[in-house]
Number of protein chains: 2
Amino acid sequence: MSGTELSVLDALHKRRRTFVAGRDLVHQGQLDQAAYILISGWACSYKILEDGQRQIVDFQIPGDFLGLRSVLLHMSDHSIEPITDIEVTEVTVADLLDAFSQTPRLATAVFWAASRDEAMVVEHLIDIGRRAAAERMAHFLLELGARLSLVGLGSKAGFACPLSQYLLADALGLSAVHVNRVLRTLRESGMVTFRDGFVTFDSYSRLTEFAEFDPVYLDHTGPLLR
Amino acid sequence: MSGTELSVLDALHKRRRTFVAGRDLVHQGQLDQAAYILISGWACSYKILEDGQRQIVDFQIPGDFLGLRSVLLHMSDHSIEPITDIEVTEVTVADLLDAFSQTPRLATAVFWAASRDEAMVVEHLIDIGRRAAAERMAHFLLELGARLSLVGLGSKAGFACPLSQYLLADALGLSAVHVNRVLRTLRESGMVTFRDGFVTFDSYSRLTEFAEFDPVYLDHTGPLLR
DNA sequence: CGGAGGGTTGATTCCCCTCAAAATCAGTGG
DNA sequence: CCACTGATTTTGAGGGGAATCAACCCTCCG
């Protein structure tokens, strides 16, 4: 990146804020609010149906954008909840547009990040649409592990994971009860263990085969910036 | 839009091409290919699993981008198939980056289009994750109708629809047999009829209530360009 | 006229949901 | 120190929605 690009990037990291676990930062239907870059902690974006069911669209880990789409659509079509206490830096619409006009290549980079987000949502869609519960869980844990590894928070051995079985259920379109059963079968088959806030890949290779996991869509090298 | 913006837009509409129904224009895993803007006809983007199952991610109708994400990620993570014969204009990476650097506001507009795409995928995710088959079908047909209305190809009365029940099944994560049953119950309940390539909303209001359909995420006014 | 693609319906199976009830654990206050 | 509460995990029993398997119909088309 060039010097100007870096300085524009720096300018985006001015307003640092923190949020406590459980209290939404963004509400479905909210207008004109800012986006954030997640510095530390975990969050999730979700939608609530009228009957109270909820579907978690994605989990965000350090380095991810929060609410980028909301900024562009001028209204949030989903809610965002911090799962742990989180630290973020705020990015306003003005910031983004400024950055875009000053350095088009930066716009491309943000665009690329958004494309990666969408690719993850698509993979999530495949998960829920066409994979059985066990494969779905396996694929989901592998994707999470791969993403965390990219930011140094995980490896092929496993990763620390603050998610409850209820959160997993809301993300995977399952009931919490069934999540528990699926985790048991995966554990007993010796592929992966989720216990005490830690996911352990007991057999990474068998798990990837079982889940048909192909991490290309997470490839972290922003190709257009090479 | 300004004059330069319009001329840049014009430059994007040079290379016009046609593709016949059924033959993929983009293959999963393909490198470095172009994006397209759909002029006429219908297409769908999908992914295939190893066991041969397929999940349709989205249908594209006139005015939509095809493969925008593939361009930015430098590789296609999905395939695109024309459902009918289609007419498109080709947009290369170079075109896009040129356009971005010449007119940042145009970049924002394209970005907004991508956000809208993602919002639709998210809504699709909710559909499959948390709605029963009948609600899912109802919601899907309403969304399609709303999108088609925006480009003058539909109304609250209904729309012409070239999709087979197999395609609907692959999109909604159902079996073709079950799609047929669901369509029957919806027809017999007097809410919507899908017959002979035409979707008729027999009772638009009851259908929207039944499906909890909220079209805000399709709002067509690109807010940032106002 | 035969074959392919699409639509329709019935019978059976099974995956996952719902309901229900323990067990465990962290925190909290008496 | 211990009773009490709430959140989370675990396990069982029963039911239902959707898949699968299997026909049969229709239309279109080479």
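Within every chain, numbering begins at 1; the chains are lettered A, B, ... in the order of the sequence lines, protein sequences first and strands thereafter.
Whole-Å rounding puts the B:M137 CE to C:dG7 P distance at 11 Å. Atom P of nucleotide C:dT8 and atom CG of B:L168 are separated by 12 Å, given to the nearest angstrom. Per the geometry, CD1 belonging to A:I83 stands 17 Å off P belonging to D:dA7, to the nearest Å. Between the C1' atom of C:dC16 and the CG atom of A:D170 lies a distance of 16 Å, rounded to the nearest Å.
For B:R69 and B:E118, the salt-bridge test fails: no basic side-chain N is under 4.0 Å from an acidic carboxylate O.
The nearest pair of heavy atoms linking A:A134 to A:L186 is O-CD1, 4.2 Å.
Considering B:L183, B:L142, B:L163, B:V192 as possible partners of B:V199, the one that fulfils the side chain to side chain contact (heavy atoms under 4.5 Å, CB included) test is B:V192.
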Fill in the blank from the handout: For nucleotides 10-26 of chain D, 5' to 3', base contacts (B), sugar-phosphate-only contacts (S) and non-contacts (-) with protein non-hydrogen atoms under 4.0 Å give BBBB----BSBB-----
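For an aromatic pair to be called close, the ring centres must be under 6.0 Å apart, and B:Y36 with B:F19 satisfies this.
Aromatic ring orientation, A:H124 versus A:F140: tilted (interplanar angle from 30° to 60°).
Residue-environment remark: CD (A:Q53) exceeds the threshold of 12 foreign heavy atoms within 6.0 Å.
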